[in-house]
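We count ligands from 1, going down the list as the structure has it; atoms in each ligand are counted the same way.
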Amino acid sequence: MPQVCVVVPTYNEAGTIGELLEALESLGLDLHILIVDDGSTDGTIELVEEASQRHGNITLLERGEKLGLGSALRDGLKAALNLGVELVVTMDADLSHGPLELPRLLERASPHRIVLGSRYVEGGRIEGWSLYRRLVSWVANLLARLLTGVPSRDSTTGYRCYGVEAVRGILPHLRGVGYELQVEILSVAHRLGVEIVEAPITFRERRRGRSKLGLGEMWSFLRTLLRLFLHSGEAGRALRFTLVGLSGLLVNEVVIWLLTELVGLYYLLSGAISAEVSIVNNFLWNNYWTFSDRGAGGLLSRFVRFNLTRALGIALTLLLLKLFTELLGLHYLLSNPLAIVIVFVFNYLLSFFWVWRQPPGGEGGSATS
Ligand code: GDD
Ligand code: MN
């Protein structure tokens, strides 16, 4: 009985599927290979059937019509559970995911864990991608981290090894039918406390056939991220950050009044002191409330970084105020709140990704070892 099932979704991949199957066979591992095809019309099906006559361990699941990558992966995972294997690998059919790297994923696998073949950890690489494609992937991964709270650096990768126990727990919660399923799986896994680790891979752009990732796929990816944002703890985090910001305004106002009226300081000196007092206020609330789940790094270095983001924030506010007023011709009373809102988002991003940054594997942080 093979312990590993390799699930390969295919849609018109005749240019590479034969070579991929032979490469997997020659690894000499005890694998079961499951091809999930969505009505390919280019001869993919015939090539798989041929290969499965030569090798006894290949199954073809024909779905007949294009129902989406995510839906194909879900069917594949379900079928793999019924095979009674211990691990399920998913990979693309276009040789972007190197079969020779499979053993390295398996090395780190276990029944309760997900191993991501990651392009964005040390040792991971991308070959042959255009600047546009790199940018799309970078933004997608940044948004995924920001909106779902999953700490992985590569949450859109399709080269993965799932432990069956992890699959069993996650499957019932999934809804995605397209590319968005990849991040949905990780978001659910994160919520259920499933361990996620990353192992470096080299992603090579396909040399045959065409990518199926279009604008429609990107749109449903964004919609899914918004839904996950509302269901994960991340919406609450953004709300806490906002409330802390408002509390800072109040603290600032009270302190400047106290120092000027009761202590008798010159109001500009009071203003400088009250600004720093409100920064300390915001820092403490954010540290022990907004980002209380992020303990990495020393308190002092976090405080220094937080102060730097505020200094940067002031500079950016003034710059935007000038741009909006003089370049766009807006009234300065309109430019100002616009600048403040933009800088607020900027502050949140810096706080999230820098001041209270999270190591790739979450607080344990052993994911890239
Ligand atoms: N069955 C089925 N149905 N398979 C599909 C479908 C579908 O609707 N759409 C795509 N596939 C298959 C392709 O045949 C290929 O084997 C694999 O899914 C990946 O599709 P590509 O079209 O090659 O995607 P890509 O290279 O643009 O995207 C890859 O990188 C992304 C991250 O940057 C994939 O690994 C994605 O999963 C990943 O999110
Ligand atoms: Mn591809």
Against ligand 1, does Trp138 come closer than 4.0 Å with any heavy atom? no
Which of the atoms in ligand 1, numbered in the order shown and given with their element, are less than 4.0 Å from a heavy-atom of Trp129? 33 (O)
Is there a path of hydrophobic side-chain contacts, each under 4.5 Å between heavy atoms of I, L, V, M, F, W or Y residues, that connects Ile314 with Leu308? no
Nearest heavy atom to atom 26 (O) of ligand 1: which of Leu213, Val136, Asp94 does it belong to? Asp94
Before giving the answer on side-chain hydrogen bond (donor to acceptor under 3.5 Å, both in side chains), spell out for Asn281 and Ser247 the whole-Å C-alpha distance, their side-chain angles and the decisive distance to 0.1 Å. CA-CA 8 Å; Asn281 168 81; Ser247 86; 3.0 Å; yes
Nearest non-hydrogen protein atom to atom 29 (C) of ligand 1, with distance, is Asp92 OD2, 3.5 Å
Would you mind checking which non-hydrogen protein atom is closest to atom 27 (O) of ligand 1, with the distance to 0.1 Å? Ser211 OG, 2.6 Å
All heavy atoms of Arg357 vs all of Arg305, minimum pair found to be NH2-NH1, 3.5 Å
To check your reading of the model: name the closest protein heavy atom to atom 39 (O) of ligand 1, its residue, and the distance in Å. Thr156 O, 2.7 Å
Min heavy-atom dist Arg133 to ligand 1 below 4.0 Å: yes
So, regarding Glu205 and ligand 1 (criterion: nitrogen or oxygen to nitrogen or oxygen, under 3.5 Å), is there a contact or not? no
Can you give me the closest heavy-atom contact between Ile196 and Ala189, atom names plus distance? CD1-CB, 4.1 Å
Could you check, using the six-membered ring where one of them is a Trp, whether Phe221 and Tyr179 have ring centers closer than 6.0 angstrom? no
Report the part of Asp38 in contact with ligand 1, treating N, CA, C, O as backbone and CB onward as side chain, heavy atoms under 4.0 Å; options are side chain, backbone, both, neither. both
Backbone, side chain, both or neither: what part of Val36 comes under 4.0 angstrom of ligand 1, heavy atoms only? backbone
Checking a contact table here: which protein heavy atom is nearest atom 22 (O) of ligand 1, and how many Å away? Lys212 N, 2.5 Å
Return the residue, atom name and 0.1 Å-rounded distance of the protein heavy atom closest to atom 18 (O) of ligand 1. Leu69 CD1, 3.3 Å
We want to know whether Arg237 and Ser232 form a side-chain donor-acceptor pair, criterion being a heavy-atom distance below 3.5 angstrom. no
Treating Ile, Leu, Val, Met, Phe, Trp and Tyr as nodes and any side-chain heavy-atom pair under 4.5 angstrom as an edge, say whether Val355 and Leu316 lie in one connected cluster. no
Is Gly68 in contact with ligand 1, taking contact as a heavy-atom separation below 4.0 Å? yes
Any nitrogen or oxygen of Lys66 lying under 3.5 Å from a nitrogen or oxygen in ligand 1? Just yes or no. yes
Residues Arg227, Glu180: salt bridge by 4.0 Å N-O rule: no
Ion pair present between Glu13 and Arg210, side-chain N to carboxylate O less than 4.0 angstrom? no
Find the distance between CZ (Arg113) and CZ (Arg108) and round it off to the nearest 0.5 Å. 6.0 Å
List the closest protein heavy-atom neighbour of atom 37 (O) of ligand 1: residue, atom name, distance to the nearest 0.1 Å. Gln182 NE2, 2.9 Å
Note: Ala72, heavy atoms under 4.0 Å from ligand 1, region reported as side chain
What is the nearest protein non-hydrogen atom to atom 12 (C) of ligand 1, stated with its residue, atom name and distance? Pro9 O, 3.5 Å
Residues in ring-ring contact (aromatic ring centres under 6.0 Å, His included) with Phe352, at least two apart? none
Checking Thr16 against Asp94 for the side-chain hydrogen bond (donor to acceptor under 3.5 Å, both in side chains) test, could you report, in this order, the C-alpha distance in whole Å, the side-chain angles of both residues, the deciding distance, and whether it holds? CA-CA 5 Å; Thr16 48; Asp94 56 0; over 6 Å; no
Could you establish whether Arg119 and ligand 1 come within less than 4.0 Å of each other, counting only heavy atoms on the residue side? yes
Quick check: Tyr332 with Phe324 (ring centres under 6.0 Å apart)? no
On the 0 to 90° scale, with breaks at 30° and 60°, tag the Trp356-Phe283 ring pair as parallel, tilted or perpendicular. parallel
Under a 4.0 angstrom heavy-atom cut-off, which atoms of ligand 1 come close to Arg206? 21 (P), 22 (O), 23 (O)
Cationic tip of Lys212 above Tyr11 ring, under 6.0 Å, 45° of axis: no
Ser96-ligand 1 polar pair, N/O distance under 3.5 Å: no
Do Ser335 and Lys322 touch side chain to side chain, with heavy atoms closer than 4.5 Å? no
At a non-hydrogen distance cut-off of under 4.0 Å, which region of Phe221 contacts ligand 1 (side chain, backbone, both, or neither)? neither
Is His97 touching ligand 1 with its side chain, its backbone, both, or neither, if touching means heavy atoms under 4.0 Å apart? side chain
What atoms of ligand 1 come closer than 4.0 angstrom to any heavy atom of Gly158? 35 (O), 37 (O)
Any protein N, O or S atom under 2.8 Å from the Mn ion (ligand 2)? Found Asp94 OD2
Checking side-chain contact (heavy atoms from CB on, under 4.5 Å) between Leu338 and each of Leu320, Thr325, Leu330, which is the one that passes? Leu330
Is any side-chain heavy atom of Val8 less than 4.5 Å from a side-chain heavy atom of Leu34? no
Mode of Glu13 contact toward ligand 1 - side chain, backbone, both, neither (heavy atoms, under 4.0 Å): side chain
Protein residue, atom and distance nearest to atom 24 (O) of ligand 1, heavy-atom basis: Tyr179 OH, 3.0 Å
